[in-house]
Amino acid sequence: MKFYPYKRLNRPIALRVTSASLKLPDNTRDLLDTSAWSVPQRTVALGVAQHDDWTSARIGLSATLPPGAVADDAPWTGLKVLVTLADGETNVRTSVELRQDAPGSKEWSGFVEVNRDDHVGRAFLSAQAVATVDDVAGRSVAETDEDWTVDVTADEPLGGLRLDVKQVGFAKSSREWLHAYADAPWIVDASGRVPAVLVNTDVEGFADLLDAESGGMENKVHELLVTQMSTDVWTAVFHSAVGDLETESDGTPVFPTDWRGEVLREMLPDVAPGVHVEEALRRVHRRRTGDAGWVELQTRIHYAAVRRAGVSRALSQALRALQQSNRGDHA
Amino acid sequence: METGEDFGPWLARQLKLAGKNQAELADELKLTRAAVSAWITGRSVPRPTMMTEIARALGTDIGTVHTRTTDTQAGLPVTWYHRPGYQDGGRDGGNAAAFAFDADVQVLARETCQNSLDERLTDNGRPVRVRYTIHEITGETLDAFRQAILWDELQPHYEAVSEAAAHQKVGRVVHAGVRDMFEKGRLVLLRVDDYNASGLVGDDYDNGKFAAVVRRQLESLKSDRGAGGSFGLGKATLWATSALGMVLINSTLSVPHEGRTERRVIGRLELPWRSVGDGTYAGPAWLGRPDPDSPGAQVTRSWWADEDIVERLHLTRDSDEPGTSFLIVGAHDVASLDESNADRVVDDENGRDGQEDDGTRDIRSMHRRLVEALERDFWAAMTAGGSRLPLLETSVRTLRNGQVVVEEQQIDPTEAQPARTRALRAFYEGTTVDRLTEPGQVALRTVPLKLPLAGGRRGTHGTHQAVLLVTDAGDKDGVPKQVHSLRGNRMTIKRSTVAGLPLGVNSFQAVLLTGTAAGEAAPFAEEAEEFLRAAEPPEHDRWGQTEELTLRWSHTAHHRIARLTTEVNAAVKELVARPKRSGDEGGAKLRKALTVSPTKKTTSRRAAGPGLPELDGLDASIGPAGEWRITAEVKLPRVDELPVMTPVVLLDVRSGARPRLDWAELVAEEGCEMEDGVLRFTPGARRAVFGGATDVTSHPVRTALTRLVLELRAGQGE
C-alpha cells in the first residue's frame, strides 16, 4: 500500500487516443482509421500493410482529469498535464505537454510524435498531472492507472506481448544452426528481440495440423499439441528471462523492461505466490544464483507454465472425447 | 363565439335524437312540413323569432340553437350499451386481441406512438406530438370521475365478472382492478394524446378510422403503405393496459364529420361474457348516445360532447389541433414487476413511503418506463437534422389529483441516444464520411437488399440500397456494438449485436435505414418498405419468416433478409475492425496461447492468495524528526490458523529495486501482538491494527520527497 507525503488525487486520469496519422517519406500524412486503435485493449497499432516506410506518427490524445484537479481550492498551483511515451527496449522517453481545452476545464488535449527509428516494437503511453504542492514543484498529483500501448509494427490493435511463430524447414534452412535440430518438430529461440517458436516444416503434416480448424478428434489432438508446445515455450522463456537479469550493486535483480519483464510479471505470481512481483523476482534470483533451492523451484516453474498453457482444460476435453469415441466403438 | 355546424344537418340530427320526425316538428311549430324540410336540406334558414320556437320544441335553450356546437340534451341520454350475448350461447372470455399483450406501458408506448406516426398530418410538415399523462385520482376527484362514467350502471357488470373471476384471466384482472380502486381508494388514468394527427374520422359504423378503432378488431386502416402497423392489433394494447378494460376516447377530426370536428367522444369497455339480471352480454360495451336508427335505439354511438362533459371525463384537449386522446381507465403495468424486483430492495432502504407498495400501479415507475421506451424505440423519429423537422415529439408527465408529481418531460433523443442521433443527423445533413478517423465522425455505407419477385417466382425484382451508418459510441448509448434497423416510420424494428468482431474493437453504434428511410432517391424504397413490413411479426420487433411473407412472396423470401444482415455485419466489420492478416503462420490457437494479454493479467495475478491477511488501510504522516509514522489496518481472513506476517516499509521508485527502511518502533494496537518485528494475530479476530515509525537514519533521501510503501509479507522475514 502506497502513501504520499502530500495531498493528491486518488482517482486516475482517463487518457484517450483521438486520432493517429503516419508521416510518409514524401512528407505527406496519412490519417489512419479509428480501427487502428482499440479503447478496450488500450493499444494503437501503427503497422499498416500499405505503409511500411513511414517515418513518424502523430497520435492525438485527450485526457480527462479526475474531479477536484482544477478546483479553485485545490491545494496545488501550476497544474500541467504531461504525456510520456516510454520504450523499455530502446530506452527512449518522449514527454509532451497537453493543452487545457478551456480555462478551468478538466479536458486537456495534444499529440505525441512517435519517431519510427526510436522504437522497435511496443512503447507505453501514460499521462501525469504535475503541480507545485507545498512549495515543491513537479509533484505528480494524478496519473493514468493503465498505460496505452503503441505498437509500431502490429497491424491489429491487440495489446500485450505476442511471441513469434515461424515455420521453417530445419534441415535445409539458411540458418545453419538449425540443421542440428533437424529431427525436432519445434524449438524455442529466445535470443531474438521477441522469443520465437520455430516450427519444423520438414515434419510432414505437422504444420497442417497446427493450422487445422476442423472438429472432432483431430481438433482435440491439435489442442493438446498447442498446450504442449506452449508449456515448452513458457518454460523456456521464463528460464531465459531469469537467466539474464541485470543486478544492482548490492546484488538485487532489476526488473527487465522488455519482453522478459512481461513474461516475469505474467508468471511470477504462480512461481512465488503471495508476494509482490519484485520480491518474487528477488527470491527466484537468490535461489538461482545461491547455493540451494533452484532445483526445488523447477516444479513451481513447470506448474506456472502448465497453468499458463491451460493444459488441464485441454487434457480433460481430450479425455472426454476419447471416452465418447470408445463408447461409440463398442455400441 | 364558436361557429357551429350548418343548421340543416344539425336540426336533422336533433330530430333524430329526440325521436321526432319532420312532420311532428312542423305540427308543433304550426308550419308546413315543406318549410321544415327546406331548413333541413339547407334551402332556407328559419327566421330569428322562429329559433325560439324551435328551441322550445327541442327542449333546449336558444343559445344552443344559435351556436349549434353541441347536441341538445333532449334526446336519449348518454349511456352504456352492452352487446347482448350471442344467440348460439357462445361465450368469450375476453377480447382475444388484447390477450396478445400483457399490461406493459412500454408496449403501449410503442404501439400508440406507432399509430400516431402513421396518422400524422403530413401536409404541414410538422411533427405529430404525443403526450402521455399519468394521473392518479383519489377521494372527491375519483368520486366525480366515477359519476361521469356512470359507474352505477356498470357496477352490476363488474360484479358479475368478479363472480366468475376464478375461471378466467380477464375476470381475475378486472376483479383485482376494481378491488384496488375501492380498497385503496384510487384510480390511475393514463392518457395518450396526439396532436397534428388525423383523428378518428369517418362514420360510426362504416369503413373509416373511427370504426376501425372503436368497433372492430384486427382491422388495420392505415393512411399509407409506409405505415408501421399492419395487424390492427396495436389498439388492443390500450385495453390490455387497463385493469378495468375501459378506454374513453375524445377525438378532434382533421376532416369534418356531420359538419363537426371537435369533441367526438365515445368510450369502450372490454369485459368477458357475463350474465347480469335477466340478460347475458357478449363482452364489449360502448359509452355513447343511443342511436335512434338502431333497433330499439339501444346501440350507442359517438356524440359531440360539450366542454363540461369532456372536462368531467378527464378528456379535455389542449387545443383544437386535430388528433385523438385515449384515456385508459385503471392503467396498470404488470411488466414493471419483472425488472423492479431487483432495485425495489434499494428503494425500500431509502425509506420510500409504504403506500406505493403495489408495483403495477406505481405512477413514478410507469413514468420512468414510458420515458425509457420512447427513448429506445422512437429516438429516430424524434431526430431532426438539416432542413428536416422530426416526425415525432413526445412528452410524459405525472399528476396526482391535478397536482404535478413529475414535471412534464420532453423526450430528447440526443440525451438518451447520443451516438445514434448523431449518426442520423449526419445523414440528414450530408456530413457523413467514408472512413472513420476521428471520434464523432459518422461513416456511411450502402448495403444491398435484393427484393424477390412476388408470387413465388424465382429471381430478383430489384435491389434496394439500404443505408448503414456507423459511429463511435460512449457509455450512455446502452449495449455497445449494436445495429438499430428502421424503416420509413423511423421506429426501431430490430436491435441486433454484430457478431464475429475481433477482440478489442472500439465501442460503436450502427443504424440501418431501409425503405423510405434510406432517402427519397434510394431505389425500390417503396417495395423494400412493403417487403420488410410483411416480414415483421405483430410485435414489430424483428424481421424474419412470417406467414405473410410466405404467402405474398415465397417460403424462402426470408433468406433475403438474412443476407441483408450478413451484408450489414460485413460492412460494419470492415469499418470498425482491421482486416485479418492473411499470412498467419502456425495457427491461430498457438498464437493465442503465446500472447500475454494485458487485460488478462489482472485476473491471473493473485495478490495474496486465499487465506492470507491483507492490508486494508494505511494512514501515515511525517514525524518531527523526519520519520514516517504509520497506522495500518489489516483485514484477517476467516481461517483457523493465521500465519505470522512481517510488515515491511519501502520507498517507491520508478524503476529498480525499492529501498527498504528500518523500523524504529512497531506497536500492536488491536487484534495482534508484535514480536521482534513480526505480527502474530489473535485467533478469531477479524481485523488488526498496528502502528510504527521508521528509523530516520535508514532513509536515503529527505522524507518529504519520498513515497511510502507498506507491505505485509508472509513468514518471519528473511
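Chain letters run A, B, ... following the sequence lines, proteins first and then strands; every chain starts at 1. Because the structure is a prediction, the values reported are computed rather than measured.
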Quiz item: Counting heavy-atom pairs under 4.5 Å to chain B, which of G60(A), S35(A), A36(A) comes out on top?
Solution: S35(A)

Exercise. Can you sort out the partners of F681(B) under ring-ring contact (aromatic ring centres under 6.0 Å, His included), two or more places apart, ordered by chain and number?
Key: none

Practice problem: Tell me, for V505(B) versus chain A, whether the close heavy atoms (under 4.5 Å) come from the side chain, the backbone, both or neither. | Solution: backbone

Quiz item: Given that the side chain runs from C-beta out, which part of A280(A) has a heavy atom under 4.5 Å from chain B: side chain, backbone, both or neither?
Solution: neither

Practice problem: Below 4.5 Å from any heavy atom of chain A, which atoms of D619(B) appear? Answer side chain, backbone, both or neither. | Solution: both

Self-check item: Chi angles and distances behind the salt bridge (charged side-chain N to carboxylate O under 4.0 Å, His left out) call for R445(B), E574(B)
Solution: CA-CA 10 Å; R445(B) 285 282 182 284; E574(B) 191 227 309; 3.4 Å; yes

Quiz item: Between R680(B) and M674(B), is there a donor-acceptor pair closer than 3.5 Å when you use the side chain of the first and the backbone of the second?
Solution: no

Quiz item: At a heavy-atom separation under 4.5 Å, does D434(B) approach chain A through its side chain, its backbone, both, or neither?
Solution: neither

Quiz item: So which part of A704(B) gets closer than 4.5 Å to some heavy atom of chain A, the side chain, the backbone, both or neither?
Solution: both

Quiz item: Between the main-chain N or O of W628(B) and the side-chain N or O of T694(B), is there a donor-acceptor pair closer than 3.5 Å?
Solution: yes

Practice problem: Sort I622(B) into side chain, backbone, both or neither according to what part of it lies under 4.5 angstrom from a heavy atom of chain A. | Solution: side chain

Quiz prompt | chain B contact via E246(A) - side chain, backbone, both or neither, heavy atoms under 4.5 Å | solution = neither

Quiz item: By a 4.5 Å heavy-atom criterion (distance strictly below it), what part of D652(B) contacts chain A: side chain, backbone, both, or neither?
Solution: side chain

